[in-house]
Protein chains: 2
Amino acid sequence: MGTRHMSQTERAVTELKRKIMSNELAPGSNHLEGELAALLGLSRTPVREAMLMLEAHGLVEVRPRHGMRVLPISAADMEEIYQILTELESLAAYDLAARRPAIEELAPMRQAVDDMEVALGSDDRVAWAEADNHFHEALVDLAGNRRLKSIVSTYSDQAHRARMITLHMRPKPSKSNEDHRALLKAIEAGDAETARQIHRNHRLRAKGLMLDLLRKHGFFHV
Amino acid sequence: MGTRHMSQTERAVTELKRKIMSNELAPGSNHLEGELAALLGLSRTPVREAMLMLEAHGLVEVRPRHGMRVLPISAADMEEIYQILTELESLAAYDLAARRPAIEELAPMRQAVDDMEVALGSDDRVAWAEADNHFHEALVDLAGNRRLKSIVSTYSDQAHRARMITLHMRPKPSKSNEDHRALLKAIEAGDAETARQIHRNHRLRAKGLMLDLLRKHGFFHV
DNA sequence: GCGCTTGACAATGCATACATTAACCAATAC
DNA sequence: GTATTGGTTAATGTATGCATTGTCAAGCGC
């Protein structure tokens, strides 16, 4: 891996983000600049910069004298996030369909759907989730709005922990795969409005499902 | 003013942002850490942090050895931004209407519309633009999705310079005021879907108008 | 004249030093 | 027991120092 030319700040961001996403740094926990610097084997300066970046990405909150606090994600937070993702990804679906992409451009999306199909067959939820991520990522990628892509990526990261929790509680995600195939078809047909509707409904259903699970299982925060 | 308890970093962010928004720092211009530190009378550390924050807000790009570059905003950038604002503000309109706010909650929006009416009468474009900002700000504020509010605020800032340029080229914004009144009515009636449509159309029209002006007057960047 | 190499310079990335000040705790007053 | 005050401590905010390294340009070969 090309960690050779990474700045210390980047290293800190990457490493801290990994630790947060994997719950190695527990939601709600506090971490002082000095601690983290020692933990990562760096001086406070790059750690401090990394903390500010993570704060900008909504993963932590920096409170003077208390270090950074890993933000818990409540059901209410997830609702905010899913609403935003719903609107923006639906827009991406619309735009992508509207610009009538060449068939081969859609290869990543097709690949992702195929992978999801396989994962579904062997009930490998982790593989399925990964392919699902690829699908959504390819969608906003191909839509071509760089800012939209950046926002979606930020909030997908925030949602990551919650998705991992509900992954094993939800029913087999076969309906999702149908949605994805249908979306792909609408995009291929250049039917922008249909693409938007399909994806919007897909996201709305996913949102409802996730929130139900989070609330039912008493996760007021993650 | 409470600039007393502001950290130097905050001061730097505020001041640099002001300079960028007012074109005191020209789009496309480059500025080294050292220069800015001297300019603001600080050491490089808080300036450096401020640069990173402005980069996170999409106003500048930091390139090692070249300092920060004030990002020009092209018509293509404005299109991206307006698409995002359209979707998210329309969602805000929907949500606000759906939660049937108390009449007095909407006072800021009503006030903004009144102010716009007055400004329109005396053809005071700057005052009109300010009131328009208040209206949109109040809308996303009242909708209650904090993340949505934060995104909209970020991208509104990015659009600021372009809006200021087209402000005096556009026709008298009377249609805007009609839209705002209609939106307010739909929200009062709790008619979420109508509110969404009205605001979406409002934004789409504004987008088209602005892009036409930018392109017609040869502003490939601002 | 054009492109490549080389070397000096200077901007940066990071470490560290230091003053400030908020948080905590103990002791006191009520 | 609770609230208030004052002192101590340590985390931060900022400045500064220094090694690294990318940039730029002059000079060289072609």
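All chains are named by letter (A, B, ...) in the order of the sequence lines, taking the proteins before the strands, and each is independently numbered beginning at 1.
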Q) At their closest point, which heavy atom of A:Thr86 faces which heavy atom of A:Arg200, and how far apart are they? A) CG2-O, 4.0 Å
Q: Report the distance from atom CD of B:Gln8 to atom C1' of D:dT14, rounded to the nearest whole Å.
A: 8 Å
Q.
Using whole Å, what does the distance between atom P of nucleotide D:dG22 and atom CG of B:Asn30 come to?
A. 18 Å
Q: Check DNA chain D against residues 60-67 of chain B and give the residues with a non-hydrogen atom under 4.0 Å, in numerical order.
A: B:Arg65, B:His66
**Q.** Any residue of residues 34-54 of chain B with a heavy atom less than 4.0 Å from an atom of DNA chain D
**A.** B:Leu42, B:Ser43, B:Arg44, B:Thr45, B:Pro46
Q. Hey, does A:Leu16 have a side-chain heavy atom less than 4.5 Å from the side chain of A:Leu40?
A. yes
Q. Taking atom C1' of D:dA15 as reference, at what distance in whole Å does atom CD of B:Glu33 sit?
A. 13 Å
Q) Side-chain donor-acceptor pair under 3.5 Å between A:Asn133 and A:His160, yes or no? A) no
Q: Kindly write out the residues that satisfy side chain to side chain donor-acceptor pair (under 3.5 Å) with B:Arg147, not counting sequence neighbours, or none if the list is empty.
A: A:Asp77, A:Glu80, A:Gln158
Q: Whole angstrom is fine here: how far is it from NE2 in B:His31 over to P in C:dT12?
A: 12 Å
Q) Does one side chain, of A:Trp128 or A:Asn177, offer a donor that lies under 3.5 Å from an acceptor on the other? A) yes
Q.
Below the 4.0 Å mark, does C:dC14 have OP1 or OP2 next to a side-chain nitrogen or oxygen of A:Thr9?
A. yes
Q.
For B:His180 and B:Phe135, take the angle between the two ring planes, folded into 0 to 90°, and tell me which bin it lands in: parallel under 30, tilted 30 to 60, perpendicular over 60.
A. tilted
Q.
Evaluate B:Glu79 against B:Arg215 for salt bridge (charged side-chain N to carboxylate O under 4.0 Å, His left out), listing each step before the verdict.
A. CA-CA 11 Å; B:Glu79 177 144 27; B:Arg215 295 208 174 95; 3.5 Å; yes
Q: Assess whether salt bridge (charged side-chain N to carboxylate O under 4.0 Å, His left out) is satisfied between B:Arg110 and B:Glu188, documenting all intermediate values.
A: CA-CA 11 Å; B:Arg110 250 180 245 110; B:Glu188 282 164 359; 3.2 Å; yes
